[in-house]
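Protein chains get the first letters and strands the later ones, always in sequence-line order, with residue 1 at the start of each.
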Number of protein chains: 2
Amino acid sequence: MLASSAPDAGRVLDPAIAALLKRDDAGLVAAIIQQHDTGEVLMLGWMDEEALRRTLTSGRVTFWSRSRGEYWRKGDTSGHGQYVRSVALDCDGDALLVRVDQVGGACHTGDRTCFDARPLAAVEGVWPAESVEGANPGEGVAHV
Amino acid sequence: MLASSAPDAGRVLDPAIAALLKRDDAGLVAAIIQQHDTGEVLMLGWMDEEALRRTLTSGRVTFWSRSRGEYWRKGDTSGHGQYVRSVALDCDGDALLVRVDQVGGACHTGDRTCFDARPLAAVEGVWPAESVEGANPGEGVAHV
């Protein structure tokens, strides 16, 4: 288990990446974790620069745990590790998409995903037939 | 186009759902938007209670736009609407998974997803062979 919560001596996140991040008031960005082959969205966690650096360089996902105030390499306690396949930053810098191979369940409840237990009742929407002609990519203005 | 930014008179989010939400300092929860059939993660947006109420009841996704300080029904300007298929809340209440049918591209850049343009270099991780026996769901403690 990775016991140290301090950054590896002398290692910091690539400043070119750090400059792109739009952090919240706690210095964090959102990290969406997705199973690389099935597409299941497993969970959403939070990362500061150091958690992101570890995720990019170690092959394993590390989050910042807001509840415990420490770094948390996913799976160190449970065995349910997340092995990194790819990481991408979104267009405005406040969210990461981390595609992984998840061992077992992602959720502390034992569920495969953190979204399994609480579906909400939602009205379904369908493309109106008459909108198909107007639905061409590229139409519209910058803020869509 | 839905012009009003005020809630429909007398309508509020189901209090039972509102009570489950863990909002940030701005009163928002994260909303992961995923294409329902292909599994593509399209974008991450932000919702307050009213945006969530509209998303649950209208068949279309509505976000709270932090940059413009107003409600934003995705697609009203671009034609690239998101038609709701399902909504789920995560285990700790700070994130929603909204599965949709996305018309065209989700990103203001024209890309299909907001994660297409900025991949980050990441070391890939693989399950160690010797860990398979220990990787059984259920082993471990509450905070995994």
Measure the spacing between CH2 of Trp127(B) and CD of Gln82(A) and express it to the nearest 0.5 Å.
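Output value for this atom pair is 11.5 Å.
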Please assess Leu44(B) against Leu44(A) for the test side chain to side chain contact (heavy atoms under 4.5 Å, CB included), listing each intermediate value before the final yes or no.
CA-CA 10 Å; Leu44(B) 185 135; Leu44(A) 184 133; 3.5 Å; yes
Determine yes or no for a side-chain-to-main-chain donor-acceptor pair under 3.5 angstrom, with [X] supplying the side chain and [Y] the backbone.
X	Y	result
Arg85(A)	Glu124(B)	no
Gln34(B)	Gly39(A)	yes
Arg118(A)	Asp90(B)	yes
Arg60(A)	Gly125(B)	no

So which residue, [options], ends up with the most heavy-atom pairs under 4.5 Å with chain A?
options	value
Ile32(B), Asp111(B), Val98(B), Thr55(B)	Ile32(B)
Gly81(B), Pro119(B), Cys91(B), Gly93(B)	Cys91(B)
Asp24(B), Thr113(B), Leu20(B)	Leu20(B)

[X], part contacting chain A, at a heavy-atom distance under 4.5 Å:
X	result
Gln35(B)	neither
Asp92(B)	both
Leu120(B)	both

Taking all atoms of both residues into account, what is the closest heavy-atom pair of Leu56(B) and Ala121(A), and its distance?
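Nearest pair, atom of Leu56(B) first, then Ala121(A): CD2-O, 3.5 Å.
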Compare every heavy atom of Phe115(B) with every heavy atom of Ala95(A), then report the nearest pair and how far apart it is.
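Looking at all heavy atoms of both residues, the shortest contact is O-CE2, 3.6 Å.
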Engaged part of Ile17(A) at the chain B interface, taking heavy atoms whose separation is under 4.5 Å:
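When you check distances to chain B, only side chain atoms of Ile17(A) fall under 4.5 Å.
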Between Ala26(A) and chain B, with a heavy-atom cut-off of 4.5 Å, which part of the residue counts as in contact: side chain, backbone, both or neither?
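Nothing of Ala26(A), per the 4.5 Å heavy-atom cut-off to chain B.
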Starting from the C-alpha separation in whole Å, work towards a yes-or-no answer on side chain to side chain contact (heavy atoms under 4.5 Å, CB included) for Asp101(B) and Val126(A).
CA-CA 8 Å; Asp101(B) 198 6; Val126(A) 180; over 6 Å; no
Heavy-atom check, side chain of Val123(A) versus side chain of Val84(B), under 4.5 Å
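No. Closest side-chain heavy atoms not under 4.5 Å.
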Option that, when pairs with chain B are counted at under 4.5 Å, heavy atom only, ranks first among Thr38(A), Leu52(A), Asp25(A), Leu96(A):
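When all of Thr38(A), Leu52(A), Asp25(A), Leu96(A) are compared, Leu96(A) has the most.
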Decide, yes or no, whether a salt bridge links Asp94(A) with Arg66(B) under the criterion of side-chain N to carboxylate O below 4.0 Å.
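Counted as a salt bridge, because a side-chain N and a carboxylate O are separated by less than 4.0 Å.
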